Asker: 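One structure follows; several queries about it will come next.
Everything numeric here is computed off the predicted structure, so don't read it as measured data. In what follows, every chain begins at residue 1, and chains take the letters A, B, ... in the order their sequences are listed.
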Amino acid sequence: MDGIDCNLRELYQDLLRAYGRQDWWPGREDPFEVIVGAVLTQRTTWTNAARVIDALRRANLLTPEAIRQTESRDLEILIRPAGFYRAKTAKLKAFCTMLWREHAGDLSRLLALPLEDLRSVLLSVYGIGDETADAILLYAAGKPSFVIDAYTRRVLTRLGWIEGRESYQQLRTAFTQALPTDVGTFAEYHALIVHHGKSHCRSRPRCNTCPLLGMCETANYREDV
DNA sequence: AACCAGGAATGTA
DNA sequence: TACATTCATGGT
């Protein structure tokens, strides 16, 4: 696993045992809503992003067509509660610009592209980086692209499995190689890590209420892969 | 009243 | 490649 000392499959089972199925990402029924959510939640709480999504829905602006046609000045007012509102408005606009200029405004067809092709397209859009691209691939397009976020890094660091500043690709590859290539597994695992990370692994010393058998930084999971 | 939240782009060395 | 800075609101 290229230097990453861990047992990711076992961790998945333990998280699943501890918390049960999460069946995650709100609004997963609508791919565009997932895309908007992925951008809006960048470095902000989901509750603030969700407020904006509700506001956009009430204003009938939760479609690529509407975002494309609405003036940035008007969008900014609605997006403000999510923070970085000018930047995030520009990001949503940039996605729509790409959608029309390169894919005739056909979101379904865009999301039907092969995983790596779609990932490249997404990464070429202003405001979409590794994590946002993978979240869109996984939860909007239903493709097996594992999402690495701040929680993933924090949890693995607290377990003592990584140093902490490994590259995004390195961590993504580790999960990808350790797991069966399955959308459900990827989505569930990411959700479990976030759920766990929201209440644990934040600070040293380790908490003694950790459901991972209270074994953070012990030898129980360690295994050179 | 600091500090943080499910990042990404940009600039510097 | 590796850091620092900027973007900004709302909750604790």
Asker: What integer distance in Å separates N48(A):CG from dA8(C):C1'?
Answerer: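 Interatomic distance, CG of N48(A) to C1' of dA8(C): 11 Å.
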
Asker: Between dG10(C) and dA8(B), how far is it from one P atom to the other, in whole Å?
Answerer: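 To the nearest whole Å, 22 Å.
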
Asker: Considering every strand and a 4.0 Å limit on heavy-atom distances, what is the contact class for R154(A): base, sugar-phosphate, or nothing?
Answerer: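 Counting heavy atoms under 4.0 Å across all strands, the contact made by R154(A) is with sugar-phosphate only.
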
Asker: Using the P atom in both, what is the distance from dA4(C) to dC4(B), to the nearest Å?
Answerer: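 Those two atoms are separated by 15 Å.
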
Asker: Listed in order of residue number, which residues of residues 121-136 of chain A have a non-hydrogen atom at under 4.0 Å from DNA chain B?
Answerer: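 Of all residues in residues 121-136 of chain A, the ones placing a heavy atom under 4.0 Å from DNA chain B are V125(A), Y126(A), G127(A), I128(A), G129(A), D130(A), E131(A), T132(A).
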
Asker: Measure from CZ on R43(A) to P on dC4(B) and round the result to the nearest Å.
Answerer: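 Between P of dC4(B) and CZ of R43(A): 9 Å.
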
Asker: Take the angle between the ring planes of Y189(A) and F146(A) and call it parallel below 30°, perpendicular above 60°, tilted in between.
Answerer: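 Y189(A) vs F146(A) ring planes: perpendicular.
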
Asker: Name all residues meeting the salt bridge (Lys or Arg N to Asp or Glu O under 4.0 Å) criterion together with E29(A); count only those two or more places apart in sequence or in a different chain, and write none if there are none.
Answerer: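 Expected list: none.
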
Asker: Whether R57(A) and D54(A) form a salt bridge (side-chain N of Lys/Arg under 4.0 Å from carboxylate O of Asp/Glu) is what I want to check.
Answerer: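 Result for this pair is yes, salt bridge flagged.
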
Asker: Which nucleotide in the list dG11(C), dG7(B), dA5(B) gets nearest to the side chain of T44(A)?
Answerer: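 Per side-chain heavy atoms of T44(A), the pick is dA5(B).
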
Asker: For residues 90-107 of chain A, which residue pairs pass the side chain to side chain donor-acceptor pair (under 3.5 Å) check, not counting sequence neighbours?
Answerer: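 Listed by first then second residue: Q42(A)-K91(A).
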
Asker: Using the salt bridge (Lys or Arg N to Asp or Glu O under 4.0 Å) criterion, which residues pair with E163(A)? Sequence neighbours excluded.
Answerer: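 If we apply the salt bridge (Lys or Arg N to Asp or Glu O under 4.0 Å) test to E163(A), skipping adjacent residues, the hits are R165(A).
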
Asker: With A66(A), which residues qualify under side chain to side chain contact (heavy atoms under 4.5 Å, CB included), at least two apart?
Answerer: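 Per chain and number, A66(A) pairs via side chain to side chain contact (heavy atoms under 4.5 Å, CB included) with L61(A), T63(A).
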
Asker: Listed in order of residue number, which residues of residues 82-103 of chain A have a non-hydrogen atom at under 4.0 Å from DNA chain C?
Answerer: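 Those residues whose heavy atoms fall under 4.0 Å from DNA chain C, taken from residues 82-103 of chain A in numerical order, are G83(A), F84(A), Y85(A), R86(A), A87(A).
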
Asker: Only counting residues at least two apart or in another chain, list the ones meeting side chain to side chain donor-acceptor pair (under 3.5 Å) with R154(A).
Answerer: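 R154(A) satisfies side chain to side chain donor-acceptor pair (under 3.5 Å) with no residue once adjacent residues are dropped.
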
Asker: Provide the full list of salt bridge (charged side-chain N to carboxylate O under 4.0 Å, His left out) pairs with a residue in residues 179-197 of chain A, sequence neighbours left out, each pair given once.
Answerer: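 Non-adjacent pairs meeting salt bridge (charged side-chain N to carboxylate O under 4.0 Å, His left out): R21(A)-E188(A).
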
Asker: Using whole Å, report how far CG of L40(A) lies from P of dA5(B).
Answerer: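 Rounded to the whole Å, the gap is 18 Å.
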
Asker: Please list all pairs passing the ring pair (Phe, Tyr, Trp, His ring centres under 6.0 Å) test where one or both residues lie in residues 38-62 of chain A, with sequence neighbours left out.
Answerer: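 For residues 38-62 of chain A, and leaving out neighbouring residues, the ring pair (Phe, Tyr, Trp, His ring centres under 6.0 Å) pairs sorted by first residue read W25(A)-W46(A).
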
Asker: OP1, OP2 of dA5(B) versus side-chain N and O of R202(A): anything below 4.0 Å?
Answerer: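 Indeed, a polar side-chain atom of R202(A) lies that close.
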
Asker: Take the protein atom CD1 of I79(A) and the nucleotide atom P of dG10(C), then report the distance between them rounded to whole Å.
Answerer: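 Computing the I79(A):CD1 to dG10(C):P distance gives 13 Å.
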
Asker: Could you give the side-chain donor-acceptor pairs of residues 113-123 of chain A under 3.5 Å, partners two or more places apart or in another chain?
Answerer:
from, atom 1, to, atom 2, distance (Å)
R119(A), NE, D134(A), OD1, 2.8
R119(A), NH2, D130(A), OD1, 3.3
R119(A), NH2, D134(A), OD1, 3.3
R119(A), NH2, D134(A), OD2, 3.0
S120(A), OG, E116(A), O, 3.0

Asker: Students often get this wrong, so: under 4.0 angstrom with heavy atoms, is R80(A) touching a base, only sugar-phosphate, or nothing?
Answerer: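 The answer is sugar-phosphate, as R80(A) gets under 4.0 Å only of primed atoms, P, OP1 or OP2.
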
Asker: For D30(A), give me all partners under side chain to side chain donor-acceptor pair (under 3.5 Å), at least two apart in sequence or on another chain.
Answerer: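 Result, side chain to side chain donor-acceptor pair (under 3.5 Å) vs D30(A): none returned.
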
Asker: In whole Å, measure the gap between the P atoms of dA1(B) and dC7(C) for me.
Answerer: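 Rounded to whole Å, the distance is 23 Å.
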
Asker: Anything under 3.5 Å between a protein N or O and an N or O of nucleotides 1-5 of chain C, put it in a table, one pair a line.
Answerer:
from, atom 1, to, atom 2, distance (Å)
dC3(C), OP1, R165(A), NH1, 2.8

